[in-house]
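Read the numbers this way: they start at 1 and go in the same order the structure lists the ligands and their atoms. Quantities reported herein were computed from a predicted structural model and do not represent experimental measurements.
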Amino acid sequence: STESLFENIRNDFPILKRTVRDNKPLVYLDNASTTQKPNQVIDSITDYYQNHNANIHRAVYALAEEATEAYEATRDKIANFVNIKNRQEIIFVRGTTEAINLVAYAWGRPHIKEGDIVVTTEYEHHSNIVPWQLVTQEKKAKLEYIGMDDDGELILDDLDKILATGKVKLVTFSLMSNVLGTITNAEKIIEKCKAAGVLTLIDGAQAVPHMKVDIEKLGCDFFAFSGHKMLGPTGIGVLWVKKSVLETMVPFHGGGDMIREVHKYETTWNDLPYKFEAGTPNIADVVGLGAAIDYLTKIGMDNIREHEIELTKYAIEKLSAVKGLHIYGTKDISKRGGVISFNFADVHPHDVAQIIDEEGIAVRSGHHCAQVLMERLNVAATSRASFYIYNTKQDIDILVNSLNIVAKVFKL
Ligand code: PMP
């Protein structure tokens with residue numbers, strides 16, 4: 001059992017010691033939104049500002065060298081963490097949203113032409129839909145969707161049909177749904193796309209924090225994730241692009257650091273990846289992300305996945321026993337992560353969230369930035385509980401008890 005590994009983890013997270021509302025211990029179950037930060041991450045940022053702060057890549061003095069080293073060390077940690085062979089392919093961005101917008105702009109605008117097709121899925125986050133609407137509309141291209149079945153899994157026959165048109169330029173999908181927790185069959189999708197000569201983008205925002213991800217093995221062309229969903233700070237994320245594809249992309253932002261030479265009317269670009277990192281980057285939070293990767297590596301991603309399987313199994317069992325409660329998505333634990341979306345009889349999810357907030361529980365209610373999926377499920381909103389390394393079975397017991405309070409209030 002991995003339980004002993006996780007026993008003392010809560011001590012590393014100062015926020016978990018606080019109480020909320022009427023002196024209730026905080027039960028934080030909104031990890032799909034963002035995760036809490038351990039002291040190791042918080043301290044790394046403080047240490048950076050207290051001892052090493054300087055701008056990077058530009059000066060030869062000691063502090064600048066230390067700051068540059070710390071910044072570039074995180075790039076190497078990322079390469080090891082998700083298995084990327086070439087560090088020149090790793091671009092620091094603000095998060096998954098910026099990563100996908102960068103691809104839509106810097107790859108999409110030069111490559112997508114009138115009549116072309118971009119394919120996404122019905123369970124995407126808005127950040128993997130809207131950038132593609134913008135670029136396909138501008139180029140008079142089309143955006144099409146891989147549908148989802150009632151178990152929350154993608155219908156790959158849809159992909160076959162769309163690929164058969166011969167017009168597809170890109171297939172983009174999340175590796176794990178932020179609403180249903182579905183783990184996408186990425187291998188199968190990529191195999192089909194490769195056979196058709198079509199590029200693939202993976203939104204790894206929900207997958208990278210929760211399971212071992214091997215980008216090299218996946219064989220996609222673009223991969224995006226966010227630091228703040230994996231114990232890291234907000235405002236920092238990663239875009240990986242295969243070098244042969246990266247070399248066909250135009251700059252996203254123009255400015256300092258991304259250039260080699262600037263003249264009055266023309267500019268030459270810096271080497272990769274700096275061509276795509278214009279301006280002073282978010283150095284402190286890159287350092288913080290490095291500390292988060294160290295922390296996760298020490299626990300081990302396979303152990304984290306196992307811990308979450310344990311919690312998710314327990315939660316599905318307990319929640320299924322609550323009369324009138326409906327869980328969306330598959331109950332097959334091997335095909336899902338620790339994200340559970342549910343509705344409770346006809347109580348509005350906002351009422352559910354508000355009543356259980358009184359008990360100190362943080363869950364999210366709403367459309368979870370996935371309105372296309374809400375339309376597919378034929379609901380306006382859901383409540384969502386999502387787990388991470390510091391959650392316990394006791395957290396789930398407190399959630400279930402609070403739902404019994406909801407049942408009483410609404411006389412269910
Ligand atoms: N994709 C998925 C699957 C997500 O869950 C999220 C965050 N909710 C995003 C993209 C966007 O990430 P960020 O807000 O960090 O840019």
Open item on the list: If you count every heavy atom of other residues, nucleotides or ligands that lies below 6.0 Å from K140 atom NZ, does the total exceed 12?
Closed with: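 At most 12 heavy atoms, drawn from other residues, nucleotides or ligands, come within 6.0 Å of this atom.
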Assess whether a salt bridge exists between [X] and [Y], defined as any Lys/Arg side-chain N lying under 4.0 Å from an Asp/Glu carboxylate O.
| X | Y | value |
| --- | --- | --- |
| D395 | R10 | yes |
| E122 | R376 | yes |
| E114 | K139 | no |

Task: Test item: H210 side-chain N/O and M176 main-chain N/O as donor-acceptor pair under 3.5 Å - done: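 No; judged by distance alone, with no hydrogens or angles, the pair does not exist.
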Contact table, ligand 1 N/O with protein N/O, distance under 3.5 Å:
from: ligand 1; atom 1: 1 (N); to: D203; atom 2: OD1; distance (Å): 3.3
from: ligand 1; atom 1: 1 (N); to: D203; atom 2: OD2; distance (Å): 2.5
from: ligand 1; atom 1: 5 (O); to: Q206; atom 2: NE2; distance (Å): 2.6
from: ligand 1; atom 1: 8 (N); to: H125; atom 2: NE2; distance (Å): 3.3
from: ligand 1; atom 1: 8 (N); to: K229; atom 2: NZ; distance (Å): 2.6
from: ligand 1; atom 1: 15 (O); to: S226; atom 2: OG; distance (Å): 2.7
from: ligand 1; atom 1: 15 (O); to: H228; atom 2: NE2; distance (Å): 2.7
from: ligand 1; atom 1: 16 (O); to: T96; atom 2: N; distance (Å): 3.4
from: ligand 1; atom 1: 16 (O); to: T97; atom 2: N; distance (Å): 2.9
from: ligand 1; atom 1: 16 (O); to: T97; atom 2: OG1; distance (Å): 2.6

Task: Pairs satisfying ring-ring contact (aromatic ring centres under 6.0 Å, His included), at least one member in residues 64-89, at least two apart - done: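 As it turns out, the ring-ring contact (aromatic ring centres under 6.0 Å, His included) pairs with a partner in residues 64-89, which skip direct neighbours, are H57-Y71, Y71-F92.
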